[in-house]
Amino acid sequence: MSSVETFLSLLGDIPVQTVPALVKRKSRDFYWYSPVLKRQLDSCFGDCIVMPRDEEDLLHIARVARETKTPLTPRGGGTGNYGQAVPMEGGAVVEMTELNKLLWVKDGVARVQAGMNMLDLDRALHERGWEVRMYPSTKRTATIGGFIAGGSGGIGSVRWGGLSSPGNILGLRFVTLGENPEALELRGSDARGILHTYGTTGLITELEIGVEPAVDWQDMAISFGTFEEAAVFARDIALQAGIQKKLVSVVDGDLPPFFASVREHVPDGASLVILMIAPAGIETVKALAEAANGHLCYEANTREAEDTSGATPLYELTWNHTTLQVLKKDRGYTYLQCGYPHVGTLEKVAEIRALFPDDLMMHLEFFPMGGHVSCAALPVIRFTDEERLNYIIAEHEKRGVNIANPHVVTIEEGGMHRVASPDLAAIKKRYDPMLLLNPGKMLSAKTLKAEG
């Protein structure tokens with residue numbers, strides 16, 4: 001009997017799935033955004049799917065995984081872009097979506113199970129007068145645990161910063177694969193060893209997050225004759241403390257033709273500022289747009305668009321969905337994730353655009369950084385070959401633009417450090433000494449493997 005067969009035989013009544021086509025489908029996320037990752041991960045699949053119904057099921061799965069040395073790869077909605085949910089060494093895909101309850105909400109704090117869909121969570125909060133502070137552009141399919149374990153920011157970041165900013169994630173509960181698997185609770189900064197680690201340091205079961213009073217957000221798309229005008233206006237809106245906003249994005253004039261939901265409203269060649277604004281700020285934004293030579297070309301209610309079949313809320317044209325809108329029509333593109341300095345931000349953006357006029361279509365997301373307003377860029381890149389892509393990355397970095405590389409599979413190489421971390425290795429050793437959690441995704445774990 002193989003180790004996977006033994007693993008399955010020891011699970012008791014925990015639901016499992018072994019149909020090859022379904023296992024293959026659940027072994028996938030959106031890694032194919034990257035032609036590099038597509039080549040590396042296309043042949044990687046799990047051997048089975050396990051579907052814990054509660055924390056006790058997950059603890060039993062952890063014990064059996066240790067006993068049989070079976071790798072475990074957690075999965076939420078499967079909307080990640082970096083292969084986070086792709087099993088690189090087989091084993092079991094842990095489907096977390098049955099842990100899907102809002103446990104409580106009080107005084108701007110919510111406790112929620114990790115497998116809850118983010119749109120369902122936001123709706124449940126809204127019934128109680130609250131809403132999620134921040135969510136990915138994949139809100140309608142992503143889970144809160146997947147977002148925390150694999151994401152870094154999104155819609156709402158213009159106000160609240162990144163997921164790791166103090167106060168956004170107050171605590172979490174997770175199952176370890178230590179000598180005696182257990183469920184532990186970490187609070188505040190201690191929880192950061194579990195955030196954005198792709199499930200390599202623990203299997204998150206519950207989260208305590210900051211939430212905000214519910215707002216009837218309004219989508220606005222404002223066109224400008226030039227990208228420079230659009231970027232200046234967007235930064236100005238991001239800086240306006242008196243305007244409550246959830247999203248401030250900019251795309252250059254080559255991108256709106258890929259946006260089926262709004263392209264007929266956007267003048268040919270116009271760059272676009274995409275906003276989510278609270279009702280009290282609409283009049284002010286319109287006045288500021290008119291003064292800046294902008295044209296309000298589209299507006300709608302965010303929640304109505306979100307709840308209407310076939311409709312597209314504007315946040316699904318931003319963050320990583322910008323790239324998806326292009327890839328729907330042309331698989332010859334990919335993207336980068338760039339962090340711009342808060343000093344001389346727009347000048348640096350202009351420098352990069354001038355350097356690569358034929359390679360990239362610029363896309364900016366504004367957010368606070370170190371007490372200032374800066375932006376991330378997620379430019380859509382025409383992919384020719386890996387050598388050219390690496391050259392573009394190197395030229396960004398040479399000019400002081402940080403790259404969180406979406407074309408590598410490990411946590412560290414995809415971040416800002418590119419090196420193994422003794423701290424991360426220590427966390428891995430403590431909570432997963434057998435290196436069974438999502439193997440292949442942590443560069444720091446290689447030092448533990450070398451130690452034996």
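Computed over heavy atoms, backbone and side chain alike; hydrogens, waters and symmetry mates excluded.
We find that K246 and E131 are joined by a salt bridge, their nearest charged nitrogen and carboxylate oxygen being less than 4.0 Å apart. Ion pairing of R140 with E316 is present here, as a side-chain N (NZ or NE/NH1/NH2) and a carboxylate O approach within less than 4.0 Å. Ionic pairing of R53 and E98 is not present here: no N-O contact between side-chain nitrogen and carboxylate oxygen is shorter than 4.0 angstrom. A salt bridge links E386 and R39; the closest N-O separation between the charged side-chain nitrogens and carboxylate oxygens is under 4.0 Å. We find that E306 and R123 are not joined by a salt bridge, their nearest charged nitrogen and carboxylate oxygen being 4.0 Å or further apart. Comment: D216 does not engage R303 in a salt bridge, judged by the lack of any side-chain N to carboxylate O separation of less than 4.0 angstrom. Between E185 and R111 a salt bridge is recorded (basic side-chain N to carboxylate O distance below 4.0 Å).
Annotation: the span from F383 atom CZ to R388 atom CZ amounts to 12.0 Å, rounded to 0.5 Å. Separation of atoms CD (Q325) and CZ (F258) is listed at 10.5 Å; rounding is to 0.5 Å. Atom CG of N402 sits about 12.5 Å away from atom CD of Q337, to the nearest 0.5 Å. The structure places CZ of R353 at 15.5 Å from NZ of K348, a figure rounded to the nearest 0.5 Å. Rounding to the nearest 0.5 angstrom, the gap separating the CE atom in M276 from the OG1 atom in T302 is 4.0 Å. Considering CG of D252 and CE of M361, their distance stands at 7.5 Å, rounded to 0.5 Å.
W32 and F30 have tilted rings, their planes meeting at an angle from 30° to 60° on a 0 to 90° scale. Between Y431 and F174, the angle of the ring planes goes over 60°, which puts this pair in the perpendicular group of the 30/60° scheme.
Put simply, the side chain of S374 gets close to the backbone of Y340: a donor and an acceptor are under 3.5 Å apart. Looking at Q84, its side chain does come within 3.5 Å of a backbone N or O of Y82 through a donor-acceptor pair. Side-chain N or O atoms of E89 include none that pairs as donor or acceptor with a backbone N or O of P71 at under 3.5 Å. The main-chain N or O of G83 is found under 3.5 Å from a side-chain atom of K441 such that the two form a donor-acceptor pair. Remark: the backbone N or O of H342 is paired with a side-chain donor or acceptor of T345 at under 3.5 angstrom. The main-chain N or O of G153 is never found under 3.5 Å from a side-chain atom of S157 such that the two would form a donor-acceptor pair. Checking side-chain atoms of D219 against main-chain N and O of L314 turns up a donor-acceptor pair under 3.5 Å. Without hydrogens or angle criteria, S165 side chain to G162 main chain gives a donor-acceptor distance under 3.5 Å. Without hydrogens or angle criteria, N100 side chain to T97 main chain gives a donor-acceptor distance under 3.5 Å. A distance-only check finds no donor-acceptor pair linking the side chain of T138 to the backbone of T79 [under 3.5 Å].
The minimum heavy-atom distance linking L327 with Y333 is given by the pair CD2-O, 3.1 Å. Here the shortest heavy-atom pairing between H407 and S34 reads ND1-OG, 2.7 Å. Residues A183 and L59 approach most closely at N-CD2, 3.8 Å, considering heavy atoms. Of all heavy-atom pairs between V250 and A234, the closest is CG2-CB, 3.2 Å. The shortest non-hydrogen separation linking M96 to I204 is CE-O, 3.2 Å. The heavy-atom pair separating N405 from V408 by the smallest distance is O-CG2, 3.4 Å.
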Take V251 and F259 through the test side-chain contact (heavy atoms from CB on, under 4.5 Å) and record every step on the way to the result.
CA-CA 11 Å; V251 295; F259 300 165; 3.9 Å; yes
From CA spacing to verdict: ring-ring contact (aromatic ring centres under 6.0 Å, His included), H196, Y198
CA-CA 6 Å; H196 198 71; Y198 303 177; 5.5 Å; yes
Worked check of side-chain contact (heavy atoms from CB on, under 4.5 Å) between V215 and Q244:
CA-CA 10 Å; V215 173; Q244 190 176 353; 3.4 Å; yes
Audit row: S444, E412, side-chain contact (heavy atoms from CB on, under 4.5 Å) steps and yes/no:
CA-CA 8 Å; S444 303; E412 299 91 335; 2.5 Å; yes
Applying ring-ring contact (aromatic ring centres under 6.0 Å, His included) to Y135 and F147, what does each step give before you reach the verdict?
CA-CA 8 Å; Y135 50 82; F147 183 40; 8.2 Å; no
side-chain contact (heavy atoms from CB on, under 4.5 Å) for V262 and L317? Distances and angles first, verdict last.
CA-CA 10 Å; V262 300; L317 306 180; 3.8 Å; yes
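By the 4.5 Å heavy-atom criterion applied to side chains, I155 and M134 are not counted as neighbours. Using a 4.5 Å cut-off on side-chain heavy atoms (C-beta onward), L437 and L435 make no contact. Contact of the L72 side chain with the F7 side chain is registered, since non-hydrogen atoms from C-beta on lie closer than 4.5 Å. Residues D29 and N81 have side chains not in contact (no heavy-atom distance under 4.5 Å, counting atoms from C-beta outward). For the pair L336 and L389, the minimum side-chain heavy-atom distance is below 4.5 Å. Proximity of R133 to I209: side-chain heavy atoms (C-beta onward) are nowhere separated by under 4.5 Å. Taking the side chain as every heavy atom from C-beta outward, V175 and E182 never approach each other to under 4.5 Å. A 4.5 Å side-chain heavy-atom check between E179 and P433 finds every atom pair outside the cut-off.
With 3.5 Å as the limit, one finds a donor-acceptor pair spanning the side chains of E365 and S249. Side-chain polar atoms of H321 and S137 form a donor-acceptor pair below 3.5 angstrom. A donor and an acceptor atom, one from each side chain of T205 and Q113, are nowhere located under 3.5 Å apart.
Few gaps surround NZ on K329; more than 12 heavy atoms of other groups in view lie less than 6.0 Å from it. Residue R399 qualifies as enclosed at atom CZ: its count of foreign heavy atoms under 6.0 Å is above 12.
A side chain to side chain contact (heavy atoms under 4.5 Å, CB included) with L378 holds for exactly one of N320, L364, T322; it is N320.
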